[in-house]
Amino acid sequence: MRAQGVVKRYGGVTALHGVDFVVEPGQVHVLIGENGAGKSTLMKILAGIETPTEGEVLVDEQPVRLAGVRDAAARGIGMVHQELNLCPNLTVAENIFLLGTGRERLGRLDRARERDMARAVLARLRQDIDPDRRVDSLSIGEQQIVEIAKALAEECRVLILDEPTSALSEAEVEVLFEVIADLKRQGVGLVYISHRLEELLRVGDRITVMRDGRVVATAAAADASVAWIIGQMLGEEGQLERAESLPIDGLAVLSLEGIRSPRDRVSAALHGIDLDVRAGCILGIYGLLGAGRTELLEVAIGARKAAEGRVTFQGADISRLSVADRIDRGLLFVSEDRKQQGIFANLDVGRNISLSDLASCARHGVVSDPAEARAVDGMIARLGVKAASRLSAITALSGGNQQKALIGRALLPGPKVLLLDEPTRGIDVGARAEIFSTIRELAASGLAVVFTSSDVLEVLAIADRVVVLSKGHLTLDQPVRQCSEEILIAAANQAAPALVAPQPAI
Amino acid sequence: MSANVKDQVVNGNGAMAIMLRFRTLLALALVLAIFSVLAPNFLTVANAMIMLKHIAIVAILAIGMTFVILTGGIDLSVGSIAGLSGMVAGALILDGLPLTALGYVIYPSIPLVVVLVVALGAALGLINGVLVSRLKVAPFIATLGTLYMARGAALLLSNGATFPNLSGNPALGNQGFGWLGAGVVLGVPVPVWLLAVLAVGAAAVAGATTFGRRVYAVGGSERAALLSGVRVDRIKCAVYAISGATAALVGLLVASDLVAAHPASGEAFELNGIAAVVLGGASLAGGRGTIGGTLVGACVIGVLGDGMVMVGISEFWQMVIKGAVIVAAVVLDRLQERLG
């Protein structure tokens, strides 16, 4: 499959300026670029979701006009989107054959056949998932596999994976890579989009970097390196470096003591977590998916009730306070789930930012427009949020800029402790570096910053102190100087309760 | 990134987009034009005043409903609360407030009756709010429950009978109830004045206060609002209380206009209220809508209803047409959404 000289214009905006892109059977072609580089547009054209303004798409060297997803699927082109598109209330088999097996008579479902065919597809992926299980009982990783199975059930020859690992734990990523290797052997051509650089080099045969709607470089994976990719993506800008930081030995502003909470259908359990967060210090919480990182931060901010344990803030027990009361005291939180728990799609950028500190922009409950504009514009400038103005729709911003706006919202009331849950999830490398430098500045000004991450290198590069969670247990708590990639990964996979005694913090 | 690009997709062709944007105003103009041709007495000051009075009933209710819908909720109980409020007012005027413990009966003056009844409406709304926020009952179910309870209470008050002749007793000093619904000041009916004051106040609250902003935030994303420090439970309690209060006011206006309170009064008012809000461009999912839009929506509902009566369209056809207008409004709304 091939795209040749593809141009895509939306109204007056050109998203793609004549792009060539080849997918060869049995190869993984990795596509990388910052948000807004044109990756998704290109993939949508290949998958038949969008039609090119100019240029053509060729399948088996024959020009084709893909009239929608069904048409593309009929030609053997499947796409797995970043967000899972499964019906959680249906079984695995029902999801795979949501549109039927094509052999129904008069619309009568043949459940036995569906089940057998589902099992066959899953066997091809070497996965032992029961076709009769409901999708909502599966882990995110298993659901991802079901998505792939759904695409494969259509006899697909080209499979497009858009950030397939963004929600997966490392173990699940390994499974996915095995599946990809198998598909390659079966002659399927794959397109793989991701932001995780190490991953790309491992899985890809060929790497193409896009920037501003153009292909800027393409190389065999064997010839590429992380530094090369970052250089191509950013053009001139530099990359992430560990700053020489001398963390202040601040006081414990936030303490969690003996936090326990039970596991439920969607959230992980916490088994007695003790944690001190110190002023001027960046605390990185590392752990795999389901380790309890989000749950721990939610307990701290009060959005989740702990069964046991105490949360102390500046010496006062705040365990019984509401989220709003904790925010008033200077404890702020930014969720990892930007879309559902972060942005207000119905409000503009400015109103998204000012909400957390609206009272300061108001007199007797009436919002003062100039005061609000001043506060918001100051924050937009401070964090370098790229928006046309504070009146722009928040949904028009890239993920990275939305994230900056949300951090701005959390900074507006003047917090003492900032809790950031996966602040770099789904954002591009450039915005990631900017967010990191913001975090450093904040800590340098005496703020305590807590962030979670599923990227070891990120934790090692940014944190002053590292805490590792594994299945709801705290398995490591030490200064970053004493940490290495291996130590963190080992601690994250440790099943038993803490073997490493919590050490006095830096 | 696709959002970036999509955002800049030009809004179809300009004229079409503008027509879609002001569709409710266009619909109102259209309805007005049609009926002025079909009904000879339609475009007279006298008829305009009658229609405005009817519009006021729908609009006042819909103003409270707008706040609820902006948070993503719904209030089905307003018609019943209106009915109960009229009945309580009737009981207060005819039978007074029996203070059994002290052994005598107080007959409150009319202003006090109004205050008590509106407070009662707000309290009933607050029950809805507590059910929805604290006890996490789905708004549809919670307010359906209070719909039945309030209606039952209204019937219980008089055993199903009407409280007739609420003009009051000079000896008790509680005369003048009829002024509220039937009075005219400077040629304009009192309910219309009331609507004007409420509409201006509500628009200011929704558009310029911290409370209003938080209402929009809760409707946009409840979870994000909570995590941004919005006291979501309080906001919800407040919007249902507002809705209860405006419903009580409507109940008072209806009873006052008739100088009688009927326990079945206010039936299906909630539907007119919701229809006005939706016609006004609000999203039932919350976070989108304005008081101004709701007013225009209420005008369409009011004018359409009165116009069809004047032209002599049968009551059954009236329902069909009204339903079609509501559906068309929502379809256009979706269309506008898609065009961005």
Side-chain angles (χ1 to χ4, degrees), chain A residues 8 10-13 15 33-41 44 50 298 301 303 322-328 332-335 337-347 351-352 354-359 361-362 364-369 392-393 395-399 406 409-410 413 428, chain B residues 1-14 17 69-72 133-134 201 203-236 238 281-290 337 339-340:
Chain A
K8 178 70 187 177
Y10 292 98
V13 183
E34 292 199 56
N35 291 341
K39 304 185 300 282
S40 301
T41 311
K44 281 180 186 163
E50 305 261 9
E298 284 179 349
I301 191 66
S322 68
V323 179
D325 288 332
R326 294 183 203 207
I327 287 175
D328 286 347
L332 271 295
F333 173 72
V334 177
S335 167
D337 188 352
R338 262 197 307 280
K339 213 164 151 190
Q340 304 294 330
Q341 308 191 13
I343 62 163
F344 300 101
N346 59 329
L347 300 180
R351 291 173 176 202
N352 262 281
S354 65
L355 190 76
S356 59
D357 199 29
L358 209 50
C361 308
H364 310 300
V366 178
V367 180
S368 148
D369 290 338
S392 308
T395 45
L397 268 53
S398 68
L406 294 183
R409 180 199 291 164
D428 61 77
Chain B
M1 144 182 133
S2 57
N4 252 339
V5 178
K6 220 162 78 191
D7 188 62
Q8 299 179 41
V9 175
V10 178
N11 294 345
N13 46 57
I69 286 179
L70 277 176
T71 64
S133 63
R134 291 264 153 202
V205 168
T209 64
T210 55
F211 171 74
R213 185 73 60 79
R214 286 170 183 147
V215 167
Y216 280 94
V218 169
S221 169
E222 200 177 318
R223 180 76 178 177
L226 178 85
L227 294 174
S228 307
V230 175
R231 290 173 165 85
V232 175
D233 288 1
R234 282 190 208 172
I235 298 289
K236 285 191 178 173
S283 156
L284 285 180
R288 197 162 55 85
T290 59
E337 188 105 303
L339 288 179

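What you see is a predicted model; the values in this text were computed from it and never measured.
Neither the backbone nor the side chain of A:Ser392 comes within contact range of chain B; no heavy atom of the residue lies under 4.5 Å from a heavy atom of that chain. Using a 4.5 Å cut-off between heavy atoms, A:Leu347 contacts chain B through its side chain alone, with no backbone atom that close. With a threshold of 4.5 angstrom between heavy atoms, A:Arg409 approaches chain B through side-chain atoms but not through N, CA, C or O. Contacts of A:Glu298 with chain B are made by side-chain atoms alone, with heavy-atom separations under 4.5 Å and no backbone atom involved. For B:Ala225, the parts lying under 4.5 angstrom from a heavy atom of chain A are both the backbone and the side chain. Contact annotation for A:Asp325: both backbone and side-chain heavy atoms come within less than 4.5 Å of a heavy atom of chain B. A:Ala303 touches chain B through backbone and side chain together, each having a heavy atom under 4.5 Å away.
When every heavy atom of A:Gly342 is checked against every heavy atom of B:Ala224, the shortest pair comes out as O-CB, 3.3 Å. Scanning all heavy atoms of the two residues, the minimum distance from A:Ile327 to B:Leu227 falls at CD1-O, 3.3 Å. What you find for A:Gln340 and B:Arg223 is that their closest heavy atoms are O-CB, 4.2 Å.
Residues of residues 209-216 of chain B that come within less than 4.5 angstrom of chain A, heavy atom to heavy atom, are B:Thr209, B:Thr210, B:Arg213, B:Arg214, B:Tyr216 in numerical order.
Atom-to-atom distance recorded for A:Leu406:CG and B:Ser228:OG is 8.0 Å, nearest 0.5 angstrom.
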>> Using the rule given for side-chain contact (heavy atoms from CB on, under 4.5 Å), can you reason through A:Gln341 versus B:Leu226, listing the C-alpha separation, both sets of side-chain angles and the distance that settles it, and then say yes or no?
In response: CA-CA 9 Å; A:Gln341 308 191 13; B:Leu226 178 85; over 6 Å; no
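In this structure B:Arg234 satisfies the side-chain hydrogen bond (donor to acceptor under 3.5 Å, both in side chains) test with no other residue, sequence neighbours excluded.
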